[in-house]
Protein chains: 2
Amino acid sequence: MSPRRSTADAEHTRERIIARAIEIASVEGLEGVSIGRLASDVQMSKAGVLGRFGTKEALQRDTLEAAIDIFRAEVWEPSLLAPPGLRRLAAICEHWISYLERGVFPGGCFLTAASCEFDDRPGPVHEAIADAHRLWLATLEAEVRAAIDNGELSRDYDPAAVAFRLNAYAMGANQALQLLGDARGAALAHDAMREVLGLPRPRRRRATAKPRKPRGAAAPARRR
Amino acid sequence: MSPRRSTADAEHTRERIIARAIEIASVEGLEGVSIGRLASDVQMSKAGVLGRFGTKEALQRDTLEAAIDIFRAEVWEPSLLAPPGLRRLAAICEHWISYLERGVFPGGCFLTAASCEFDDRPGPVHEAIADAHRLWLATLEAEVRAAIDNGELSRDYDPAAVAFRLNAYAMGANQALQLLGDARGAALAHDAMREVLGLPRPRRRRATAKPRKPRGAAAPARRR
DNA sequence: CCTACCGATCGGTAGG
DNA sequence: CCTACCGATCGGTAGG
């Protein structure tokens with residue numbers, strides 16, 4: 001056999017395990033990923049699966065990390081094509097809504113689900129989720145500050161308030177789409193995100209059939 | 001023994017089981033409520049616990065229903081003292097934030113947790129959660145319509161958009177408080193809720209130490 | 001990576 | 001409401 005075969009195969013096997021774990025966890029939760037079921041799904045023995053990670057908790061951490069990588073690749077990285085500040089924030093919102101609408105994870109936003117599941121369970125998985133969330137909020141806040149420095153947003157805007165609201169709208173959209181199966185959630189969140197950023201409403205998306213009024217003024221998330 | 005004793009005891013026992021199930025479920029999720037653990041916690045046999053409900057799923061439904069009753073008693077019922085429309089909406093927001101801040105459930109908002117846990121698991125528990133969420137959104141929308149009819153809000157306000165945003169802010173506050181342990185989430189949500197309703201900022205709550213600017217204009221959640 | 005196994009716990013049932 | 005039990009599955013280990 002080729003000298004690299006076992007290493008390459010091992011990496012491939014690991015990726016297959018993680019990919020399946022992400023699918024299961026996005027629907028059943030990270031705690032719902034059981035080693036026996038995972039082994040049967042990827043046609044391996046339990047010991048074979050567990051051997052890659054050591055413990056279930058390590059498997060959960062690696063699964064979470066891979067899911068965060070997907071979120072980053074879907075929402076953050078494509079937004080780097082836009083310049084820092086308001087245009088990048090607008091790009092993030094577009095990609096974020098698209099990520100939720102397309103159902104990148106079968107069970108809806110993985111990070112929201114993991115956040116709810118582990119918000120009161122102490123331990124390394126909780127810490128990893130909280131760190132990822134804090135990092136994302138800080139990233140959004142940094143872009144708001146850049147927009148202020150660019151003169152695109154008034155100095156009255158509070159970066160923490162804007163980040164809080166954008167994140168809240170994304171969670172609301174995820175709930176509408178996943179729990180209620182209500183596609184209007186994406187448009188409601190999209191409108192709200194653009195309003196928080198003081199951006200005009202874009203060409204109409206699929207939304208309610210209600211009569212439209214002229215658009216309102218931007219909604220400032222001001223400092224207190 | 002008194003003729004009513006067994007019935008009263010049975011009811012009391014049932015309440016003890018449900019009360020414990022709510023505590024467990026708010027931290028570990030509804031799926032994390034196991035009959036054996038519940039039995040041990042309330043000092044009964046597994047068969048004794050299960051006999052009350054028949055199946056685990058029925059126990060989950062009854063636990064959910066009891067949690068919804070608590071939410072209603074904490075947030076909705078005290079708001080009925082305010083007249084329909086804007087003043088009732090303001091009261092709902094106050095009680096909602098207070099409910100989240102006080103940690104009425106040990107694991108944070110039970111309904112948000114259950115919504116995340118069951119958003120992609122079909123079945124009667126999913127339906128019960130979705131029904132409860134739809135009812136709550138419809139309740140908020142009805143109050144927005146009343147506020148419009150009262151002339152307290154402009155006809156440009158979209159009731160569905162307002163309800164969506166209020167709910168999103170509550171979820172954001174819950175995440176900040178539970179996942180991050182960040183008490184500022186309550187003030188951020190409170191400010192955002194009042195802004196959506198066009199209400200002035202109230203006397204300062206415990207919030208950030210940042211310098212304050214004069215308050216901004218109300219944030220209209222207008223029809224498209 | 002495998003087979004074979006560990007003790008613990010799961011939801012649920014039989015029989016009283 | 002109890003004891004006693006069912007088959008299934010859990011996370012994890014021994015030994016190779």
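Everything quoted here is computed from the prediction, not taken from an experiment.
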B:Arg87 atom CZ, neighbour heavy-atom count above 12 within 6.0 Å: no
Given C:dG12, D:dC10, D:dC2, the nucleotide with the shortest approach to the side chain of B:Ser45: D:dC2
Sugar-phosphate, base or nothing in reach of A:Val33, heavy atoms under 4.0 Å: sugar-phosphate
Secondary-structure string, 5' to 3', Watson-Crick or G-U under 3.5 Å, | for another-strand partners, for DNA chain D: ||||||||||||||||
Euclidean distance, B:Asp41 CG relative to B:Arg37 CZ, rounded to 0.5 Å: 6.0 Å
Nearest-0.5 Å distance that lies between atom CG in A:Asn167 and atom OG1 in A:Thr112: 7.0 Å
Spacing of B:Arg37 atom CZ relative to C:dA8 atom P, expressed in whole Å: 18 Å
Aromatic contact, B:Phe110 with B:Phe71 (centres under 6.0 Å): no
Separation of B:His95 NE2 from B:Leu81 CG (nearest 0.5 Å): 7.5 Å
Nearest-neighbour nucleotide for the B:Met44 side chain, D:dC2, C:dC10, C:dC1 considered: D:dC2
Rounded distance (Å) that lies between atom C1' of D:dT9 and atom NZ of A:Lys56: 11 Å
Protein-nucleotide distance (A:Phe53, atom CZ; D:dT13, atom P), rounded to Å: 16 Å
Please tabulate the protein-to-nucleotide N/O contacts below 3.5 Å involving nucleotides 4-7 of chain D, giving atom names and distances.
none

A:Arg14 CZ - C:dC1 P separation (whole Å): 12 Å
Distance below 4.0 Å between B:Thr55 side-chain N/O and C:dG11 OP1 or OP2: no
Interatomic spacing from SG in B:Cys93 to CG in B:Leu140 - rounded to 0.5 Å: 8.0 Å
5'-most by nearest nucleotide on DNA chain D - A:Gly54 or A:Gly36: A:Gly36
side-chain N/O A:Thr13 vs C:dC1 OP1/OP2, d < 4.0 Å: yes
B:Glu31 CD to D:dC10 C1', straight-line distance once rounded to whole Å: 14 Å
Rounded distance [0.5 Å steps], CG in B:Leu179 versus NE2 in A:His126: 5.5 Å
Electrostatic pair A:Glu65-A:Arg72, nearest N-O below 4.0 angstrom: no
Interatomic distance, B:His12 NE2 vs D:dC1 C1' [rounded to whole Å]: 16 Å
Touch class at under 4.0 angstrom, heavy-atom based, for B:Leu50 against every strand present: base
Ring centroid separation A:Tyr169 to B:Tyr169 under 6.0 Å: yes
Minimum-distance nucleotide (side-chain atoms of A:Arg52 versus D:dC10, D:dG12, C:dC1): C:dC1
d(CG, B:Leu38; C1', C:dC10) in whole Å: 14 Å
Evaluation steps, side chain to side chain contact (heavy atoms under 4.5 Å, CB included), between A:Leu180 and A:Gln175: CA-CA 7 Å; A:Leu180 304 181; A:Gln175 186 180 38; 5.7 Å; no
Rounded distance in Å - CD (B:Gln60) to C1' (C:dC10): 13 Å
